[in-house]
Amino acid sequence: MDTIYALASARGKAGVAVLRLSGPRSHEAVQAFGVPLPPLRHAALRRLTWNGEVLDEALVLLFGAGASFTGETSAELHLHGSPAAVSSVLRVLSGLPGLRAAEAGEFTRRALENGRLDLAQVEGLADLIDAETEAQRRQAMRVFSGAIGERAEQWRADLIRAAALLEATIDFADEDVPVDVTPEVLTLIDGLLADLRREVDGSRIAERIRDGFEVAIVGAPNAGKSTLLNALARREAAITSEIAGTTRDVIEVRMDLDGLPVTFLDTAGLRETSDLVESLGIERAVARAQAADLRVFLLDDSGPLPGVAVQADDLVVQGKADLRPGQGLRLSGRTGEGVPELVAAIGERLRWRSAGAGSLTRERHRLAIERAIGAMESVRAELLNGQQHTELAADDLRRAIRSLDSLVGRVDVESLLGEIFASFCIGK
Ligand SMILES: Nc1nc2c(c(=O)[nH]1)N(C=O)[C@@H](CNc1ccc(C(=O)N[C@@H](CCC(=O)O)C(=O)O)cc1)CN2
Ligand SMILES: Nc1nc2c(ncn2[C@@H]2O[C@H](COP(=O)(O)OP(=O)(O)OP(=O)(O)O)[C@@H](O)[C@H]2O)c(=O)[nH]1
Ligand SMILES: [K+]
């Protein structure tokens with residue numbers, strides 16, 4: 001097994017930089033800097049020296065095999081966060097025998113291979129590192145803590161019990177088995193199907209929390225959409241002008257809206273037009289607005305808007321409130337009046353939806369559950385079709401178990417690893 005090393009903290013100037021090593025030679029690599037090794041798990045200050053020159057004064061921290069993040073013998077060097085100091089130490093490490101630079105996610109991959117994390121926990125860890133808002137952090141932390149594995153373990157136990165009942169029937173098929181296990185198996189399956197369908201519903205919202213909710217600002221040309229976007233973003237994210245048809249492409253601004261990840265979309269003003277580029281922009285605006293999680297219709301004096309239907313929960317607001325009196329939801333992107341109320345209304349709607357989030361956070365999880373549901377529906381049909389289908393049903397039950405097992409990586413998932421680890425940083 002190679003010993004791997006990488007900068008674990010972000011690149012660039014910083015107060016402190018953490019360099020991480022994992023693998024059998026990580027302690028001797030530290031020793032190569034001419035320092036006595038501190039006892040395991042006790043940080044000690046050491047002068048890292050190479051060819052008689054002090055490279056940096058660092059904190060050294062050693063972990064023993066079986067008691068580290070990766071499960072391997074490992075070490076950390078807490079250097080000054082100087083790009084030059086980091087480079088000088090990395091240069092020495094790269095020349096030591098048995099050492100090589102780590103690939104993206106390789107420390108976590110070793111933790112997975114050593115059974116310290118399951119596959120879903122690895123995904124949770126990736127999401128934790130990517131989390132930008134409180135809702136994302138909370139959700140990622142739940143997955144990282146093993147919530148999916150716990151659920152899967154319960155479902156698995158039910159399926160194993162159902163499979164054992166069916167297999168007992170098959171084994172004793174030649175004898176006269178007095179009990180019909182079908183009702184008990186059906187009860188198990190039906191309870192589980194209800195559970196899994198709930199999970200699928202909850203996963204759609206969890207996926208939204210992971211990726212961010214999209215909120216489209218829709219309205220006629222010159223209604224003030226870009227001005228509103230800039231007020232929300234508190235910066236000049238979009239060009240505004242008195243010329244109708246200014247915005248053509250969809251402009252996206254990611255925000256932390258009260259802990260929820262939201263991407264606001266500023267779209268082309270909706271109108272009939274003979275300008276080719278503008279009409280392409282309007283096509284895009286309509287498609288993105290319709291697919292968004294929520295729409296804010298910004299009204300001005302013009303009539304009904306072509307193209308985008310108002311869906312339940314959407315917000316309809318009167319713009320340019322500084323110019324005209326009125327009631328109801330009104331705002332001015334120019335003065336900022338009414339903008340906090342809009343933000344609150346959006347937050348309320350998205351928070352309400354977020355409450356339905358389940359423990360499954362990725363499409364991969366949802367597809368695994370959907371496969372398990374499909375297999376279990378076959379089991380149901382086969383059992384209701386009579387005893388001669390018991391073997392088929394037992395096969396389908398095993399298929400359902402395998403699908404659930406793929407959630408945590410209990411079955412062979414080598415093919416998934418590349419994709420999952422591709423999103424990791426080097427040093428994680
Ligand atoms: N400096 C530093 N900070 C860090 C990490 C790290 O690797 N280094 N982490 C990296 O992600 C996270 C902490 N995760 C860790 C997970 C397990 C062990 C560990 O040594 N586990 C042993 C002993 C557990 C114990 O002391 O109770 C074990 O599980 O056997 C260390 C860090 C966040 N902060
Ligand atoms: N008085 C007032 N003027 C505004 C307000 N919002 C925007 N405007 C003005 O209205 C004009 C159009 O604003 P934009 O933000 O470019 O409008 P838009 O809806 O993005 O326009 P298109 O991209 O052309 O569809 C500009 O001259 C803005 O300064 C507002 O709240 N009050
Ligand atoms: K405009």
Side-chain angles (χ1 to χ4, degrees), residues 6-9 16-22 26 40-43 58-79 105 107-108 110-111 114-117 121-122 124-126 128-129 141 144-145 216-233 236-251 264-271 273 275 277-278 281-282 284-285 289 296-302 305 317-324 326 330-339 342 424-425 427-428:
L7 179 65
S9 49
V16 175
V18 177
L19 239 154
R20 201 183 209 190
L21 299 98
S22 185
S26 36
L40 297 180
R41 312 180 70 81
H42 285 264
L59 273 182
V60 172
L61 181 55
L62 306 179
F63 300 88
S68 68
F69 172 76
T70 57
E72 299 179 322
T73 302
S74 47
E76 292 182 4
L77 300 173
H78 299 194
L79 309 173
F107 292 91
T108 307
R110 290 188 175 190
N114 290 326
R116 308 192 74 86
L117 299 172
Q121 286 180 291
V122 167
L125 180 53
L128 179 64
I129 288 177
M141 202 58 215
F144 175 52
S145 307
I217 306 173
V218 187
N222 270 356
K225 300 178 293 302
S226 302
T227 305
L228 171 59
L229 180 80
N230 292 346
L232 288 163
E236 299 300 305
I239 297 172
T240 65
S241 85
E242 67 285 0
I243 302 167
T246 301
T247 302
R248 304 228 161 155
D249 248 328
V250 178
I251 295 171
F264 280 100
L265 309 178
D266 178 19
T267 59
L270 304 178
R271 66 169 168 182
T273 173
D275 181 313
V277 179
E278 187 184 359
I282 292 175
R284 249 180 225 194
V296 175
F297 288 87
L298 188 59
L299 301 186
D300 61 1
D301 295 327
S302 57
L305 295 167
V317 297
Q318 182 66 55
K320 302 192 185 175
D322 53 308
L323 293 184
R324 30 179 126 78
R330 332 168 41 251
L331 62 81
S332 163
R334 180 169 286 178
T335 65
E337 139 188 29
V339 174
L342 174 69
F424 268 74
C425 329
K428 187 68 232 174

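Read the numbers this way: they start at 1 and go in the same order the structure lists the ligands and their atoms. Values in this document were obtained by computation on a predicted structure and should not be read as measured data. The basis for the numbers below is simple: all heavy atoms, side chains too, and nothing from hydrogens, waters or symmetry mates.
Protein heavy atom closest to atom 8 (N) of ligand 2, with residue, atom name and distance, is K320 CE, 3.6 Å. For atom 7 (C) of ligand 2, the closest heavy atom belonging to the protein is T227 OG1, 3.2 Å. In this structure, atom 25 (C) of ligand 1 lies nearest to the protein heavy atom R41 NH2, 3.7 Å. The protein atom (non-hydrogen) at minimum distance from atom 2 (C) of ligand 2 is D322 OD2, 3.5 Å. Here the protein heavy atom with the shortest distance to atom 23 (O) of ligand 2 is T247 N, 2.9 Å. From the protein, the heavy atom lying nearest to atom 21 (O) of ligand 2 is N222 N, 3.1 Å. Here the heavy atom of the protein found nearest to atom 7 (O) of ligand 1 is R20 NH2, 3.1 Å.
Residue contact check: A67 has heavy atoms under 4.0 Å from atoms 20 (O), 22 (C), 28 (C), 30 (O) of ligand 1. Residue G66 approaches ligand 1 through these ligand atoms, each under 4.0 Å from one of its heavy atoms: 30 (O). Those atoms of ligand 2 that come under 4.0 Å of a heavy atom in G245, given as number and element, are 22 (P), 24 (O). Below 4.0 Å from some heavy atom of F63 lie the following atoms of ligand 1, by number and element: 20 (O). Close contacts between ligand 1 and E76 involve ligand atoms 1 (N), 2 (C), 6 (C), 7 (O), 8 (N) [criterion: under 4.0 Å to a heavy atom]. The ligand atoms of ligand 1 that sit less than 4.0 angstrom from a heavy atom of K428 are 10 (C), 11 (O).
The nearest non-hydrogen atom to atom 29 (O) of ligand 2, considering only R334, K225, R324, comes from R334. For the residues A238, A268, S241, G219, the heavy atom positioned nearest atom 12 (C) of ligand 2 is part of S241.
A 6.0 Å sphere centred on CD1 of I239 holds no more than 12 heavy atoms belonging to other residues, nucleotides or ligands. Other residues, nucleotides and ligands contribute over 12 non-hydrogen atoms within 6.0 Å of the CZ atom of R116.
Looking only at distances, no side-chain donor or acceptor of T267 sits under 3.5 Å from a matching main-chain atom of V218.
For a distance bound of 3.4 Å, the N, O or S atoms of S241 include one lying that close to the K ion (ligand 3). For residue N222, an N/O/S atom approaches the K ion (ligand 3) to within less than 3.4 Å. Not one N/O/S atom of G245, from backbone or side chain, sits under 3.4 Å from the K ion (ligand 3). Backbone or side-chain N, O or S atoms of T247 do not reach the K ion (ligand 3) at under 3.4 Å.
Under the 4.0 Å distance rule, the nearest protein heavy atom to atom 32 (C) of ligand 1 falls outside the cut-off.
If you look at I243 next to ligand 2, the close heavy atoms, those under 4.0 Å, all belong to the backbone.
Not a single heavy atom of A8 sits under 4.0 Å from any atom of ligand 1.
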message: side chain to side chain contact (heavy atoms under 4.5 Å, CB included) for F424 and V122? Distances and angles first, verdict last.
response: CA-CA 10 Å; F424 268 74; V122 167; 3.8 Å; yes
